[in-house]
Amino acid sequence: MGSTAHHGVEGVGRRDLIKRSAALGLVAAPGMGLLSACASGGGSGDSDEGTNKGKTSKDNPFGAKKGSKLDVVVFKGGYGDDYAKAWEADFGKKLGITSTHTGTQEITGKLQPRFNAGNPPDLVDDSGAQKINIDVLYKNGQLLDLAEVLDAPSVDDPAKKVRDTLIPGTLDPGLQEGKIVALNYIYTVWGLWYSGKLFKDKGWEEPKTWADLLAICKDAKSQGIGGLAHQGKYPYYINVAIMDLIAKKGGLDAMKAIDNLDPRAFVGSDAAQEAIEAVYEVVEKGYLMPGTNGLTHTESQTRWNQYKAVFITSGSWLENEQLKQTPADFDMKFLPMPLLPGSKLPFEAIRAGSGEPFIIPAKAKNLPAAKEFMRRMLSKEWSTLFAKQANSLTILKDGVDPSVRLRPGTQSTVEASKAAGGNTFRYLYTEWYSEMGTAIEAASNELMAKRIQPKEWLKRCQAAVDKQAKDPASKKNHRD
């Protein structure tokens, strides 16, 4: 989805804070290591490993060969693709390896035929609404196990393995049956967003409870402003609100019940029932921005930028995705999901972790260069290049040079992450069970359009869980 701003900052103190906080090391490491990443070696398929294999050395552990070519495909969404072009230029300069670069939003359209023909690219950022589902690629044996890259020496400190330089828990979303087959590169937070300027103009305070949020929506409606915009054509986004409310109300157990395909994940879950009723209240009271159900993500987000709605749900790619549409004085802000009564997690708790999965196809023609490219992605130099180009943080600890200035929305996510500390959570069912994820999104779409009621939403989501649980392969994924 990331797939997917204003530059002014108030006062010297604020500027200094941004400078000091921009380093990733100041983002509290989330307590998300809920899974053990016991990865094992992976096969290389029918790649031309021999043709493209050069001499290995301390600085070139995979033997990436000078003069060879690398085929890179990048999702050109919220983060753009200038960062990848900067990486490729540096790779060419340092290793003498040229890159074929494709930036696109049509990942499935462009790549499915290539995977089917056994001629995939060497490295892919498999993201966006048209991504190829990781679980499907994995089941078809089309992904390289990334253990070799993660166990290689770090570019910055060869005494450490690459995996030991990453924020704890950020590898988890790339797990399939105990193997890391996707590298989710970007440190992402998900939640609500609002305009600091609009709040100041209207005298609103940041809502910490759902009741406070509804009160703001009511006031906004009386002034002809929508309370909540959502990206109607992509119900992934409204599920940020629904699933965050479930996790915060019921705690980590409510979240794990869904990931672990519990027979009471939805029907029989008080947290799920209260969460979906709370979101439906926004619909029932007419607090949705008019027309939002029929809009794409960028259409809804642009109307939100035009002050036609107070809140919108998204991940931290939002600011970069909306740079051209955001007024200079908008003052974009991130907000953790407000609480339902009796919530087990605090207001500061946020959904946080890694997004934007990068994969190396098992049949990549230039595996040595692809592995080396990924190793360098996890260096401070390339992590900082990414932060400069995409205005976002990576999964590398201390991965961004302190001189990099972040924009207001991204800076507010840094502060939110620090405030959350270990109170972070992250669902994995979207990575493990794409078919189930799609069914839940479809139910949410029907609910937001008022075509079904909360009780029916719970039934449809539970049916999706129960269907998935019947697949014997689902027993291979579990979180404790």
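When reading the values below, keep in mind they use all heavy atoms of this one structure, side chains included, and skip hydrogens, waters and symmetry mates. Quick note: residue numbers are just sequence positions, from 1.
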- Query: Please walk me through it: do L228 and L192 pass side-chain contact (heavy atoms from CB on, under 4.5 Å)?
  - Reply: CA-CA 10 Å; L228 177 70; L192 280 171; 4.1 Å; yes
- Rounded to the nearest 0.5 Å, the CD1 atom of I97 sits from the NZ atom of K69 at a distance of 11.0 Å
- Worked verdict on V155 versus L378 for side-chain contact (heavy atoms from CB on, under 4.5 Å): CA-CA 8 Å; V155 173; L378 297 163; over 6 Å; no
- Task: Examine the side chains of S57 and D59 and answer whether a donor and an acceptor come within less than 3.5 Å of each other.
- Result: no
- Measure across V279 and L245 and return the closest heavy-atom pair with its distance rounded to 0.1 Å. CG2-CD1, 3.7 Å
- Please round to the nearest 0.5 Å and tell me the distance separating atom CH2 of W87 and atom CE of M374. 9.0 Å
- Task: Rounded to the nearest 0.5 Å, what's the gap from CD on Q301 to CG on L295? Could you check?
- Result: 10.5 Å
- Query: Would a 4.5 Å heavy-atom cut-off, applied to side chains only, mark E319 and T413 as touching?
  - Reply: no
- Donor-acceptor pair, Q142 side chain versus V136 backbone, under 3.5 Å? no
- Message: Any salt bridge linking R114 with D71? Criterion: basic side-chain nitrogen under 4.0 Å from a carboxylate oxygen.
- Response: yes
- Message: Please find the pair of heavy atoms, one from I350 and one from P336, that lie closest to each other, and give the distance.
- Response: CG2-CB, 3.8 Å
- Item | Atom of N239, atom of S444 and distance for their closest heavy-atom approach | OD1-OG, 2.5 Å
- Task: Report yes if some heavy atom in the side chain of V72 is under 4.5 Å from a heavy atom in the side chain of D122; otherwise report no.
- Result: no
- Task: Return the minimal non-hydrogen interatomic distance between G294 and K233, and the atom names on each side.
- Result: O-CE, 3.1 Å
- Message: Can you confirm whether F334 sits close enough to L318 that some side-chain heavy atom of one is under 4.5 Å from a side-chain heavy atom of the other?
- Response: no
- Is the backbone of D262 close enough, under 3.5 Å, to the side chain of N260 for a donor and an acceptor to pair up by distance? no
- Item | Candidates E88, E372, E381 - the one meeting salt bridge (Lys or Arg N to Asp or Glu O under 4.0 Å) with K94 | E381
- Heavy-atom donor-acceptor pair, D126 side chain to P357 backbone, under 3.5 Å: no
- Query: When the ring centroid of Y427 is compared with that of Y429, is the distance short of 6.0 Å?
  - Reply: yes
- Heavy-atom nearest pair, N184 first then P173, reads ND2-CB, 3.7 Å
- Item | Within 6.0 angstrom of K475 NZ, more than 12 heavy atoms from elsewhere | yes
- Just by distance, do the side chain of K160 and the backbone of T165 share a donor-acceptor pair under 3.5 Å? no
- Query: Counting N and O atoms only, with roles assigned by atom type, does the side chain of S354 sit under 3.5 Å from a partner on the main chain of T170, one being a donor and the other an acceptor?
  - Reply: yes
- For M436 and I440, run side-chain contact (heavy atoms from CB on, under 4.5 Å): C-alpha distance rounded to whole Å, both residues' side-chain angles, the deciding distance at 0.1 Å, then the answer. CA-CA 6 Å; M436 173 180 132; I440 293 172; 4.1 Å; yes
- Query: Is any NZ, NE, NH1 or NH2 atom of the basic residue among E435 and K467 found under 4.0 Å from an Asp or Glu carboxylate oxygen of the other?
  - Reply: yes
- Item | Whether W304 side chain and V310 backbone form a donor-acceptor pair below 3.5 Å | yes
- Would you call I276 and F266 a side-chain contact if the rule is heavy atoms closer than 4.5 Å? no
- Message: Check whether E299 reaches the backbone of T292 with its side chain - one donor and one acceptor, N or O, closer than 3.5 Å.
- Response: no
- Item | Carboxylate-amine/guanidinium proximity below 4.0 Å for D151 and R163 | yes
- Message: Under a plain distance cut-off of 3.5 Å, with no hydrogens placed, do N52 and S68 share a side-chain donor-acceptor pair?
- Response: no
- Pair E431 + R426, salt bridge at N-O below 4.0 Å: yes
- Item | side-chain hydrogen bond (donor to acceptor under 3.5 Å, both in side chains) between S127 and E356, worked out | CA-CA 6 Å; S127 193; E356 211 77 4; 3.2 Å; yes
- Message: I'd like to know if the side chain of K53 reaches the main chain of F62, judged simply by a donor and an acceptor atom lying under 3.5 Å from each other, with no hydrogens or angles considered.
- Response: yes
- Query: So, for P361 and P121, which heavy atoms are closest and what is the spacing to 0.1 Å?
  - Reply: CG-O, 3.2 Å
- Task: Please assess I238 against Q231 for the test side-chain contact (heavy atoms from CB on, under 4.5 Å), listing each intermediate value before the final yes or no.
- Result: CA-CA 7 Å; I238 196 61; Q231 301 83 334; over 6 Å; no
- Kindly indicate whether the side chain of V73, heavy atoms from C-beta on, has any atom under 4.5 Å from the side chain of I107. yes
- Message: Would the distance check show the side chain of K371 and the main-chain N or O of E148 forming a donor-acceptor pair, the cut-off being under 3.5 Å?
- Response: no
- Query: Does Q176 reach the side chain of W432, with side-chain heavy atoms less than 4.5 Å apart?
  - Reply: yes
- Just how far is it from atom OG of S434 to atom NZ of K139, taken to the nearest 0.5 Å? 7.0 Å
- Taking atom types as modelled and ignoring hydrogens, do the side chains of N305 and Q322 form a donor-acceptor contact shorter than 3.5 angstrom? yes
- Item | Nearest-0.5 Å distance that lies between atom OH in Y185 and atom CE in M377 | 5.5 Å
- Assess the side chains of N116 and Q112: does a donor N or O sit below 3.5 Å from an acceptor N or O? yes
- So do Y79 and D125 actually touch side chain to side chain, heavy atoms under 4.5 Å? no
- Query: Hey, does S392 have a side-chain heavy atom less than 4.5 Å from the side chain of Y187?
  - Reply: no
- Task: Give a yes or no answer on whether the side chain of T384 reaches the backbone of D401 with a donor-acceptor pair at less than 3.5 Å.
- Result: yes
- Query: Do NZ/NE/NH1/NH2 and the carboxylate oxygens of R479 and D259 come within less than 4.0 Å?
  - Reply: yes
- Check: F330 ring centroid to W193 ring centroid under 6.0 Å: no
- Working to the nearest 0.5 Å, report the span between CH2 of W382 and OG1 of T394. 13.0 Å
